[in-house]
Amino acid sequence: MELAYIPSPSRGVLHLGPIPLRAYAFCIIIGVFVAVWLGNKRWIARGGRAGTVADIAVWAVPFGLVGGRLYHVITDYELYFSEGRDWVDAFKVWEGGLGIWGAIALGAVGAWIGCRRRGIPLPAYADAIAPGIALAQAIGRWGNWFNQELYGRPTDLPWALKITSSTDGRIPGTYHPTFLYESLWCVGVAFLVIWADRRFTLGHGRAFALYVAAYCVGRGWIEYMRVDDAHHILGLRLNDWTALVVFLLAVVYIVVSAKKRPGREAEVEPGAGPEGEGGPEGDGGTEAQADEKAEDKADGETGDKTDADADHEAGDTAEGTAAGRTEDTTAAGTDTESDAEDASDAKTADRTESAGKKS
């Protein structure tokens, strides 16, 4: 007897007139916004400009969607190209089917293009956005709940997921809610990366590599519980092998990177000031800084010129004052000599007059 279970939505789409509103698409969109929001806060804390994460996401998100869909279609090609199937369904992303491996791989290509256009190192950007990607995955997994897909083995646990749809080979019943397991695991991965980044000052892509490695660990055991059709290699599902290989690559990167480039990048965005105070977004901040420096230089030159003019005027004034003093001294000397001559003439006249009287 089923005492408790997680109910499945009766439908995953609502219609606003002729416009379908699909829950799966909304989960992805909300996840993208959360990833950009958190990535922006972390980017600013590392010394980057506000808005840079969103600008690069304009490249990364479309590439990621295409990559995720390509991975799903290639690994599950029989769903679209086998007999009785319509290949046009391969383009119906809103019906579900995005492979995280392809999304991250091709999304990284888009991010690389965006970073290259702004002169930003891709590893630094990846470190800032890593926890946000994990949270985006956690939110996006709820789209599988709305579509009643990607559940695990049958179970009667109190948190079992009740599947009611019988389309596409589904058998109604209660199953392990693997979408919920992965969603909770991704939340834990996000907090792990944030903690480790603060504790060990991760840089040069190591925070992103930690996210990849931690996600692969969880994806491995969750994938093993799923019952949907998948390709098997040596008894393991394809995604289990993918998780194992990617996990090893991430661990190797962490070890090698820590030896070759320890610590964190001193500068993550050229021209950005401390705590992201590099000016407005894009090149405008750099131009504003250049204009400010030019104005300061012009003010300095004007001040120097004013000081020089003042010194010159002061010199002229001093010279004029000295010249005036010299003229006054010369005039005073001339007057003194004239008075002395008059006194001498007067004495001579007196002596002559006295001599005349005596005669």
Side-chain angles (χ1 to χ4, degrees), residues 28-71 93 98-137 140 190 193 197 202-212 246 249-250 253 256-257 260-261 263-294:
I28 293 176
I29 293 172
I30 294 172
V32 169
F33 273 101
V34 170
V36 171
W37 169 78
L38 181 58
N40 183 66
K41 291 177 67 67
R42 287 172 53 81
W43 184 252
I44 294 175
R46 287 172 175 255
R49 289 194 182 97
T52 297
V53 169
D55 291 343
I56 298 176
V58 171
W59 289 89
V61 172
F63 273 73
L65 291 175
V66 173
R69 189 60 176 177
L70 281 175
Y71 182 89
V93 181
L98 291 174
I100 185 62
W101 314 111
I104 294 297
L106 206 57
V109 174
W112 174 79
I113 294 174
C115 289
R116 184 176 178 82
R117 289 168 59 88
R118 299 180 70 96
I120 294 172
L122 177 60
Y125 179 82
D127 284 340
I129 202 71
I133 296 177
L135 291 180
Q137 288 179 251
V193 173
D197 192 27
L202 301 178
H204 301 286
R206 288 187 288 277
F208 182 81
L210 175 61
Y211 144 72
V212 173
V246 175
L249 292 175
Y253 180 87
V256 174
S257 176
K260 290 188 174 182
R261 293 181 294 178
R264 182 180 291 173
E265 298 88 348
E267 181 185 54
V268 296
E269 185 169 2
E275 297 297 325
E277 297 177 357
E281 299 178 17
D283 297 334
T286 304
E287 294 177 358
Q289 290 179 333
D291 293 342
E292 185 177 351
K293 291 181 179 179

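Between R118 atom CZ and I56 atom CD1 the span is 6.5 Å, to the nearest 0.5 Å. Considering OH of Y125 and CH2 of W112, their distance stands at 15.0 Å, rounded to 0.5 Å. In this structure, L135 CG and I30 CD1 are separated by 13.0 Å, a value rounded to the nearest 0.5 Å.
Proximity of a side-chain donor or acceptor of R42 to a complementary backbone N or O of A128 within less than 3.5 Å is detected. Distance alone, capped at 3.5 Å, is enough to place a donor-acceptor pair between the R206 side chain and the G263 backbone. Side chain of E265 to main chain of H204: a donor-acceptor pair is present (N/O by atom type, distance under 3.5 Å, no hydrogens or angles). Between the Y71 side chain and the L98 main chain, no donor and acceptor come within less than 3.5 Å of each other.
If you run side-chain contact (heavy atoms from CB on, under 4.5 Å) between D197 and each of L210, L202, D127, only L202 comes through.
Nearest heavy-atom pair, I120 versus P270, reported as atom, atom and distance to 0.1 Å: CG1-CD, 4.5 Å. Residues R49 and W43 come closest through the heavy atom pair O-CD1, 3.3 Å. Closest of all the heavy-atom pairs between G132 and A35 is O-CB, 3.3 Å. The nearest pair of heavy atoms linking A130 to V193 is CB-CG1, 4.4 Å. Closest of all the heavy-atom pairs between A57 and P62 is O-CD, 3.8 Å. The shortest heavy-atom contact between L122 and A108 is CD2-O, 4.2 Å.
Scored by the side-chain contact (heavy atoms from CB on, under 4.5 Å) test, L249 finds V245 as partners (sequence neighbours excluded).
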- Task: Apply side-chain contact (heavy atoms from CB on, under 4.5 Å) to I113 and F63, showing your working.
- Result: CA-CA 10 Å; I113 294 174; F63 273 73; 3.9 Å; yes
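Here the side chains of I104 and Y211 are in contact, with some heavy-atom distance below 4.5 Å.
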